[in-house]
Structures are given as structure tokens and as C-alpha cells.
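Below is one structure; the comments refer to it alone.
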Amino acid sequence: MKEVISNIIKDVIRKRGLPEVNFSLEPPKNKNFGDLSANCALLLAKAAGRNPREIAAVIAADLSAYDEYFSKVEVAGAGFINLTLNEKIYLGVLDEILSKGGNYGKSDANKGRKANLEWVSANPTGPLHAGHGRQVCLGKAIASLMEWSGYEVTREYYYNDAGNQMNNLAKSVYARYMQLYETDFPFPEDGYHGDYIKDYAKRISEEKGDSLKNSDDLSYFKNFAEKRNFDRIKSTLETLGINHDVFFSETELYKNKDIENLLADFNSKGASRVEDDAVWLIMDRKRFQKDKVIVKSSGEPTYRLPDMAYHINKIKRGYDFIVDIFGSDHGDTYKEVLYGVETAGYKTEGIKVIIHQMVTFRSGNESVRMSKRSDNVYYLDDLIKDVGADATQFFFVMRAANTHLDFDIELAKEQSDKNPVYYLQYAHARISGIFRNAAENFSDEVLRKQFNHALLATPDAIELLKVLSGFPDEVESVAASLEPHKIISYLNQVAESFHKFYHNNRVLNADDIETTVARLRLCEAAGTVLRNGFGIIGISAPERM
RNA sequence: GCGCCCGUAGCUCAGUCGGAUAGAGCAACAGCCUUCUAAGCUGUGGGUCGGACGUUCGAAUCGUCCCGGGCGUACCA
């Protein structure tokens, strides 16, 4: 819709012999200024050194001729052109929503393009903790946003199973196992303290007795724990409706020699050097403080080298768009990884990295501590159990990724109007209620009647339609920025205008079938947009509450 | 010290490729249920947009500096 209007304005500008400008066309903050406001005259005036209002007046006069589109065109302020769209445009949008249904809002802007989204990527050293939830839920929403904009999306999970952390995991389980037999057996200093480790040790002891007491090779412990950890991680993800297409293991990159070859490549390019028995990647001092170790003096690569090889692997798989989601604790390291990828001769323009800030949890006024050291960690499972999958998803996606998130567990649990997720869902439940009542009180024949658009010309109905008509533009712009929290702001507008409409416009009325049928269609459209939006951010659309 | 992110109403936050009178939810206050779910609607109060300077017709938005908070600054990931 915006595009159509924008093209009309561009035509008018061209026909007047004025230069092409990249102007903005946005709904003004103040509704009294109309539906859309263009700043083209201000920009043209700047370029031509003329009075903006003069130019605006010329363009506005030409636009007035398009009266099938505009009911009002006026010049305001410093030279804005304010447009009020013809109501017929909006009534036409209703037909579009009804016919497209679950596809209304999808765009083919990226049709035929393949994208890879990598997220979660927690190493299988333990269950996901509540803080992981932000990335988990953000990624879920971003993946569907990308699909709505036309991408074919591969959801991918990368995990480091070759390095130190997995050795620590094995040592930790082994130590807990040994402690079942020798209470003073030492626990590794940087071992994993969670209760789940003790549980694994107990189960191993039950299965194997003390036959593994003098193991030199801890791979049984490692494999046992890794498998259980992954099972639990996957089941947590499943409760949120997340299923990755690819689980990519670091070990793979050793097996297929990608890491070895990359190291040789750096060496042959003179991009790396050896110091203190370690291999260092030579970094550009303008961007980095110092060189970075890629192979430790022990001979083991640091996480950076496999990460670089992994990103090259993804590039080679032929994606048009590669997106990574990391926490802010990786804010510097991803730059090092991309630098390595560039140094190896690959372009990184197609890679976008989303960094999200950390989460703090509180319960009302009490802060909830997330200690990694203690045995009792607040796991993501626990959070989902406490507040439900919908509230979990909603609260994590509600805020922009690059701001700190303050997660109020008490509020998320609240089954009342205080909880922001219910405002949206309630709108949908109300619509479902109307349709339940309609089915009871009216025959199918009546409900399927052709409807008369003109009967929807009340201010609340038109306002609702205006909001609904903005959905495709909204999805497209949010998909371009990959900021799903904006969908929530938009859905709030939908819910608000629906609630208003509902309050002032009785839908079901046996004495006025014509209006009933027309209003039902509008409700159907509102329900469709809510459902589609909920689908993007990943929450359910309840039939009743 | 250096790098990245943040600082907007009492609270949690939108708005940030410069645009008109800075918004929402919660909290506070005043109203609205014999009619499709009041988890709703209507109205009121509430702001030196962390601070200072600068750029310009115009700054919450851009620049510089300062203050405050988070995360980095490993031969951990």
C-alpha cells in the first residue's frame, strides 16, 4: 500500500520536472494530520534552495487529482504533505485480508533466497539456563520473520564438542562418580557443579557398578553426559516449539580437515605467526588491540579457529544470508571470527550478527540471582514451567535485543490485565467468542451471505481497518531489521483498535443481519492479523481465556 | 585504561538512517457491566528525553566531552 502511494508521489514529482529524492512516507504521530505524511517537499526545497511550502503546494495540487486514492491532501507545518486515504481503499484491504488469510502479510521480497540462522548453540555441558531464553526466543521469532519475508530458512545449532569444556564435563561426572565410592575424591576446580552431574554419576554407577573406577579414558562419562544434556536441551527447545534443522558439531570440522586446511592457509598467507609455541592470528591493529591465539601451546586450537572454519563452511554451503545470534559476552569475539574469515579470503557482507544484551530476573521487587557456581541454577525449563511457554516467549521478545532486559517472573506469571501478553491474546479470545456465539445463533446460510462494505463505515471500524492494512508493510520493515519486538508494538495497536471497535460496535444483532455479517467479516480479518502476528513472534492464539 | 551496548513518566520500556504538541503498559486518580468475555472501554495527572557544548530552518535522534550502569578486553567458550 505504502509503495503504491509512494509511486504516485514519485510520478507527480517527475512530471513536474523535479529531481528524484529519497523521501519518507510515514503515518504521522498525530492522527489529525492524516494517514500518511510525506517530507519530499522539504528535501526538494533543500536541494533547490526554494521555499518548501511552495513546492509542497504544487505537489499537493497535483495529488488532489488522484481522488480515488486520497480524500484529503494538505500542506502543513514546514512543508509536509499530509494525505488522508479514501475509505474505499481500506474497505478494499478487507477483501485482501479475507482472501489471503494465513498468508496475509507474507512478502516475497526475498523469494528464492536461502538463509541460515544459527542460534542457541549452547555447548552440551548442561541444561539451558533461564538466561539462554532470550536468545532461544529471539531466534525463534527471527527465523519466522525471515520466512515471512520470503527466505527459505535453515535453523542451525552449532556446538563445540572438541575442546576443554567437554573434558571438564567428563572430569566432573567422573569425579561425582568416584565420590560415590571415595567421599573425599577431589572435584575439578573448574568443573560443573549442577545437580544433574551427580544424577548422571548415580545412573552410571547403577548401570556399571564400580567397573569404571580406574578409567584413564573418560569418554564413556563424556558421551553419557553429552547425550543426556542434549536430550534435555532439545526437549526444552521443543516445549517452545523450536526444532533446529541442523546440529553442527565442531568435531565435523576436524574430521573433514577444514580446521587443518584453514590453519595451513593462514600460514601460507603469512597471516599467522608462532610465539611461545602457540599460533597467533595477526590482527589488524586499527581494529584490534592485539593478535589472538588460534592454536594453544598444547596443540589444541582455541574456539576461534573452528568458529572461523565453521563460518567458512556455512558460506561454502551457498547461503544468500547468514545470521548469527550471540549474547553481548561475544560482542568482541565475533569480530575476530569474521576477521579470520576475511583473512582467509571470504566475503562477510552476507553475514549479519545480532548481539543481544544480558537478562536480569526479578520477582516483583526481589532480584533473582543466577549463580553458575551453585547447585541450584534457575533453568529455562523451570522458567517455562513457572510462567508458561507463551509468556516466556513474549517477555523475551518484547524488548529490543540491544537493550538490557529486566524479566519480572512475578509479572509474567500474573493471570490478569497486568500481564501485557494477555492484552493481545484477549483480543483474539474475544473474536473467537463472537464466532462461537454467531455459530449458535445464526444459520450457516446467513453467515455466508455477501456483505456490504458500506455498513462498515463507522469511525472505529475504519480505524481498525487502517491498522490492519498496515500489517504487510510492518512485517516487511521488521523483517529487514530483524527486530521482532516491533511486531509486538504493532499488535498492540491492532488489539487496541479492536477492543475499541468491540466496545462501540455490537457485532451480533438478529435485527440487522446485514450489519452483523459485515462486522463478522471485519472481526475475521482482525483475528487473522492477530493470529499471523502471534505466529511470527511465536505465541499461541487462544480461543478462550 | 581501551572497545561494544544502554540511560526517555514513579516502574518496565517504545520512539533513534533529524521533522510537527515525545508515546505505550503498569502504578495513581475519576468514571463505564440487565446486551457478543470488564483480562475491556473512557477520561485526568505525571517528562530539564543522564549532563554540557556543538552541527541546522529543526535534535530524544547526528558529533565531541563528561557522569552513571552492563558486557568484553584469556593459550575459556
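By convention in this document, chain letters (A, B, ...) are assigned in the order of the sequence lines, proteins followed by strands, and residues within each chain are numbered from 1. It should be emphasised that the depicted structure is a prediction, and the values quoted were computed from it without experimental measurement.
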Under 4.0 angstrom between A/Arg430 side-chain N/O and B/A38 OP1 or OP2: yes

Atom-pair distance (CG on A/Leu305; C1' on B/A77), nearest Å: 14 Å

For A/Asn164 and for A/Phe33, locate the closest nucleotide of RNA chain B by heavy-atom distance; then report the residue assigned to the nucleotide nearer the 5' terminus. A/Phe33

Should the side chain of A/Gln289 and the base of B/C2 be counted as holding a donor-acceptor pair, with the cut-off at 3.5 Å? yes

Verify the contact: side-chain N or O of A/Lys500 to OP1 or OP2 of B/U42, cut-off strictly under 4.0 Å; return yes or no. yes

A/Glu250: which of A/Asp307, A/Asn123, A/Asp161 passes side-chain contact (heavy atoms from CB on, under 4.5 Å): A/Asp161

Quick one: is B/A14 close enough that its OP1 or OP2 comes under 4.0 Å of any side-chain N or O from A/Thr403? yes

Checking all strands, does A/Ser24 fall into the base, sugar-phosphate, or nothing category for heavy-atom contacts under 4.0 angstrom? nothing

If the C1' atom of B/C67 is compared with that of B/C53, how far apart are they to the nearest Å? 15 Å

Looking only at the side chain of A/Asp417 (C-beta and beyond, no hydrogens), which of the listed nucleotides B/C76, B/G40, B/U73 gets closest? B/G40

What is the distance from atom NZ of A/Lys72 to atom CG of A/Leu83, rounded to the nearest 0.5 Å? 11.0 Å

Taking the nucleotide of RNA chain B with the nearest heavy atom to each, does A/Ser416 or A/Asp332 sit closer to the 5' end? A/Ser416

Whole-Å gap separating P (B/A14) and CZ (A/Phe395): 14 Å

Counting neighbours of CG on A/Asn365 that are heavy atoms of other residues, nucleotides or ligands and sit closer than 6.0 Å, is the number greater than 12? no

Starting from P on B/C26, measure out to CG on A/Leu411 and report it in whole angstrom. 10 Å

Can you check the distance between B/A24 and B/C33, where both ends of the measurement are the C1' atom (answer in whole Å)? 26 Å

Check this for me: does any side-chain nitrogen of one of A/Lys314 and A/Asp324 sit under 4.0 Å from a carboxylate oxygen of the other? yes

Per the glycosidic torsion and the 90° limit around 0, nucleotide B/C71 is anti

Could you give the distance separating B/G25 and B/A20 at their C1' atoms, to the nearest angstrom? 26 Å

What integer distance in Å separates A/Asp406:CG from B/U8:P? 12 Å

Euclidean distance, atom CD1 of residue A/Ile325 to atom P of B/A77 [Å, nearest integer]: 22 Å

Looking at A/Arg273 and A/Asp291, does any basic side-chain N land under 4.0 Å from a carboxylate oxygen? yes

Output the rounded distance in Å from CD (A/Glu336) to P (B/C76). 13 Å

So what does A/Gln415 touch, heavy atoms closer than 4.0 Å: a base, only the sugar-phosphate, or nothing? base

Using a cut-off of 4.0 Å on non-hydrogen atoms, how would the nucleic acid contact of A/His499 be classed: base, sugar-phosphate, or nothing? sugar-phosphate

By nearest atom, which of the nucleotides B/A77, B/C13, B/A20 is closest to the A/Lys296 side chain? B/A77

When you get a sec, tell me which of B/C26, B/A39, B/A20 is the closest nucleotide to the side chain of A/Tyr422? B/A39

Look at all strands and tell whether A/Gly433 reaches a base, only sugar-phosphate, or nothing, counting heavy atoms closer than 4.0 Å. sugar-phosphate

Determine the stems involving RNA chain B; a stem requires 3 or more consecutive pairs of the Watson-Crick or G-U wobble kind, each with both distances below 3.5 Å, and the answer is none if no such run exists. B:1-7 with B:67-73, B:10-13 with B:23-26, B:28-32 with B:40-44, B:50-54 with B:62-66

Suppose you measure atom P in B/A14 against the same atom in B/A30; what distance do you get, rounded to whole Å? 31 Å

Does the ring of A/Tyr423 lie flat against the base of B/A39, closer than 5.5 Å centre to centre with planes under 30°? no

Report yes if a side-chain nitrogen or oxygen of A/Lys292 is closer than 4.0 Å to either non-bridging phosphate oxygen (OP1 or OP2) of B/U73; otherwise report no. no

Does the distance from a Lys or Arg side-chain N to an Asp or Glu carboxylate O, for A/Glu514 and A/Lys449, drop under 4.0 Å? yes

Using a cut-off of strictly less than 4.0 Å, decide whether A/Asn123 has a side-chain nitrogen or oxygen near OP1 or OP2 of B/A77. no

Pick the P atom in B/A77 and in B/G7, then give their distance to the nearest Å. 33 Å

Using a cut-off of 4.0 Å on non-hydrogen atoms, how would the nucleic acid contact of A/Asn82 be classed: base, sugar-phosphate, or nothing? base

Starting at atom CD of A/Glu366, determine the distance to atom C1' of B/C11, rounded to an integer number of angstrom. 17 Å

Between B/C65 and B/C75, how far is it from one C1' atom to the other, in whole Å? 38 Å

Hey, does A/Ala76 reach any base, or is it just sugar-phosphate, or nothing, if we go heavy atoms under 4.0 Å? base

Base B/A77 to side chain A/Tyr303, donor-acceptor N/O within 3.5 Å cut-off: yes

Compute both the distance and the angle, then confirm whether A/Arg232 meets the cation-pi test with A/Tyr379: under 6.0 Å from the six-membered ring centre, within 45 degrees of the axis. yes

What interatomic distance, in whole Å, is found between P of B/C66 and the corresponding atom of B/C4? 14 Å

With sugar-phosphate meaning primed atoms plus P, OP1 and OP2, does A/Asn492 contact a base, only sugar-phosphate, or nothing at under 4.0 Å between heavy atoms? nothing

Describe, in one word, how the ring planes of A/Tyr158 and A/Phe248 are oriented to each other, choosing from parallel (under 30°), tilted (30 to 60°) and perpendicular (over 60°). tilted

Taking the same atom, C1', in B/U56 and in B/G18, what whole-Å distance lies between them? 10 Å

Using a strict 4.0 Å threshold on nitrogen-to-oxygen distance, state whether A/Arg287 and A/Glu342 make a salt bridge. yes

Using a heavy-atom cut-off of under 4.0 Å over every strand shown, decide if A/Asn167 touches base, sugar-phosphate, or nothing. nothing

Contact class for A/Arg53 (heavy atom, under 4.0 Å): base, sugar-phosphate, or nothing? nothing

Rounded to whole Å, the CD1-P distance (A/Ile355 to B/C6) equals 12 Å

Among B/G19, B/G70, B/A39, which nucleotide sits nearest the side chain of A/Phe80? B/G19

Look at the side chain of A/Asn419 and the backbone N and O of A/Glu414, then say whether any donor-acceptor pair between them is shorter than 3.5 Å. yes

I'd like to know if A/Lys500 and A/Asp460 make a salt bridge, using a cut-off of under 4.0 Å between side-chain N and carboxylate O. no

Checking contacts here: which listed nucleotide (B/A74, B/C5, B/C36) is nearest the side-chain heavy atoms of A/Asn437? B/C36

Ignoring hydrogens and angles, are the base of B/G72 and the side chain of A/His330 linked by a donor-acceptor pair under 3.5 Å? no

Has the side chain of A/Ser297 got a donor or acceptor atom sitting under 3.5 Å from an opposite partner on the base of B/C75? yes

Can you figure out which of B/A77, B/C26, B/C71 approaches the side chain of A/Gln165 most closely? B/A77

Do A/Ser37 and B/A20 share a donor-acceptor pair, side chain to base, under 3.5 Å? yes

Check every strand shown and say whether A/Arg506 touches a base, only sugar-phosphate, or nothing at a heavy-atom separation below 4.0 Å. base

If stacking means aromatic ring centre less than 5.5 angstrom from the base's six-membered ring centre, planes under 30°, is A/Tyr502 stacked on B/G40? no

Using a heavy-atom cut-off of under 4.0 Å over every strand shown, decide if A/Asn509 touches base, sugar-phosphate, or nothing. nothing

Check: A/Glu474/A/Ser477 side-chain N/O donor and acceptor closer than 3.5 Å: no

